[in-house]
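Take a look at the structure below.
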Amino acid sequence: GGGKGRERGLALPGTRSLKKLRPIAKVGRPTPHRQRERPEMHLDDGRAVPDPTIPERFAWAHRQGHPRYVWPEVEPGAWTAACRSVEAAIAAGLAPDASGPPPHLDAHPDALAVAAFTTGCGALLGRWLEIGRLSAPAPAREVLLRHLDYGRQRADRLSRVLERAAEAMATEGVDVVLFKGGQTARTLFDEPALRPMADLDLLVRPAVLDRAEAALARAGFDLQIRQREPERSTWAPPGSRPDLHSVHVPHPDNPLTVDLHASLARSYYGVGVVDPGLPGSEARAPLPDAPASVAGLEDARLWVVLAAHASEDLHNLQLVRLVELVLLGRSLERSGAWGTTSALARRAGSLHFLYPALGLTHALAPDAVDPGLLAEARSAAPARMVRVVASLTPGTAQRLQGLALEERFMWARGPAEIARRTAHMLVPASAGGSPVALARLYRARAYRLLRGRVRLRTDQPDRTGAGS
């Protein structure tokens, strides 16, 4: 779901090269001839087989030096403009004093399809259209209502996977905490379909992790990855396939996994760790529409987890993750729990790690962030981090076309942390100690450099034609 596509397992027989669509540069402006031969968009993918252009898309993206932007039929500048339109509609729809006519969203439908997918907000906007909270012309309505339809189908599949995993672990006496998107989809949004996701995050106590993993294996789940610090393993549900079906809608058959955690700690690229700690049994929150053996995190701990995740994954931050921080922040305000949350955030680790999430949530909805906590985190943040966050907007924080070295080092304060960050960049944990994975990573970096996708500063003008 969302924009979290995986390239693994995309080798499909019978791939065909399609050259029918001209890429969108700006609506109404002709496209240079050299950019016309691109894979065709498969927007309405209701077939049982994946979109056959997907392998070609990933191959093209790697050659261009932006391996995560796989939509050659939509120029990145048009995608960014559509993301800004989505951001404006979301901000207006979330405004606490909204009155008068509903906000109007108008964007080129092809660019909007990609923006709705990458921001993770397509289903939410579709629901707002359904209840009259948003207006849009017919082509845009079609795109967003399709996202809502697929989102509901995918939510049903996620619910079935959760039930199977929870039942397997319950037979071993293992209690489970569902957190992150799986929890917020049930507690903050009108229906689970409005918070798309690519995985279900389940937390168990470290002492029972082995039993939980054994239970999943017996239930037919297939181990994909195991990580030791912090302890976590990733499992594919029985009968699932690794092939992406669509990169335009949250297709119910797009890959999904169960991520089994024994810790809530999050590491910041070798520089530091934010760890809110494990909840006690009294701190677990009941969850609607979930198996009886599954609980959630209490709001304060959930906020720290979500903010830490959003900040750490800033380069790929989907707008929907800021929406959930807005909704949760307002819940904390109503319950008078910001004091407890702020204290937990301070105990969890350096506050400056949370500043990107705080700053961008405040930009989307100023009333959804405690002003004292925001000021404290900003004061603790390095100047590089403050500059990076100031250059972004909630809808454009996700940058799939390039990277800036300033952002890669924004976490570090002082020579020792810069040295640790450099070491992590040279041999990142994502390579998993695999020489093959490391070679693949360096190959992708070489393409980025050759294509001019690497900049020194986040606010430096993009001269590659990839958009900002």
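Quick caveat, the model's predicted, so the values are computed rather than measured.
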dist Thr187:OG1 -> Leu302:CG (nearest 0.5 Å) comes out at 6.5 Å
Residues Ser246 and Asp51: side-chain donor-acceptor under 3.5 angstrom:
no
Return the set of residues passing salt bridge (Lys or Arg N to Asp or Glu O under 4.0 Å) with Arg226 (not counting sequence neighbours), or none when no residue passes.
Glu213
What residues, two or more places apart in sequence or in another chain, satisfy ring pair (Phe, Tyr, Trp, His ring centres under 6.0 Å) together with Tyr268?
Phe353, Trp411
Taking all atoms of both residues into account, what is the closest heavy-atom pair of Glu231 and Leu209, and its distance?
OE2-CD2, 3.9 Å
Polar side chain donor-acceptor pair, Asn316 to Arg68, under 3.5 angstrom:
yes
Ion pair Arg232/Asp259, N-O distance below 4.0 Å:
yes
Tabulate below the donor-acceptor pairs under 3.5 Å that side-chain atoms of residues 354-373 make, not counting sequence neighbours, or state none.
from	atom 1	to	atom 2	distance (Å)
Thr361	OG1	Ala357	O	2.7
Asp367	OD1	Arg330	NH2	3.0
Asp367	OD2	Arg330	NE	2.8
Asp370	OD2	Gly372	N	3.3
Asp370	OD2	Leu373	N	2.9

I'd like to check the salt bridge (Lys or Arg N to Asp or Glu O under 4.0 Å) partners of Arg334; sequence neighbours left out, ordered by chain and number.
none
Residue list, ring pair (Phe, Tyr, Trp, His ring centres under 6.0 Å) with Trp303, at least two apart or on another chain:
Trp338
Just to verify, what does Glu324 make a side chain to side chain donor-acceptor pair (under 3.5 Å) with, not counting sequence neighbours?
Thr184, Arg195
Test side chain to side chain contact (heavy atoms under 4.5 Å, CB included) on Leu317 and Leu322 and set out the steps.
CA-CA 8 Å; Leu317 178 58; Leu322 294 174; 4.0 Å; yes
For a quick check under 3.5 Å, do Thr257 and Trp235 share a side-chain donor-acceptor pair by atom type?
no
Specify the closest pair of heavy atoms between Leu278 and Ser263, including all atoms of both residues, with the distance to one decimal.
CD2-CA, 4.1 Å
Any salt bridge between Arg84 and Glu87, counting N to O under 4.0 Å?
no
Tell me yes or no: between the side chains of Gln318 and Thr118, is some donor less than 3.5 Å from an acceptor?
no
What do you reckon, are the aromatic ring centroids of Phe117 and His248 less than 6.0 Å apart?
no
Please name all residues satisfying salt bridge (Lys or Arg N to Asp or Glu O under 4.0 Å) with Asp275, sequence neighbours left out, ordered by chain then number.
none
By side chain to side chain donor-acceptor pair (under 3.5 Å), which residues pair with Arg152, not counting sequence neighbours?
Glu130, Glu191
Of all residues at least two apart in sequence or in a different chain, which pass the ring pair (Phe, Tyr, Trp, His ring centres under 6.0 Å) check with His261?
Phe179
Checking Glu376 now: which residues fulfil salt bridge (Lys or Arg N to Asp or Glu O under 4.0 Å) with it, not counting sequence neighbours?
Arg346
With sequence neighbours left out, which residue pairs that include part of residues 307-320 fulfil the salt bridge (Lys or Arg N to Asp or Glu O under 4.0 Å) condition?
Arg266-Glu312, Asp313-Arg321
Name all pairs fulfilling the side-chain hydrogen bond (donor to acceptor under 3.5 Å, both in side chains) condition that reach into residues 160-177, sequence neighbours left out, sorted by first residue then second.
Glu172-Arg218
Taking atom CG of Asp199 and atom CE of Met197, what is their separation to the nearest 0.5 Å?
8.5 Å
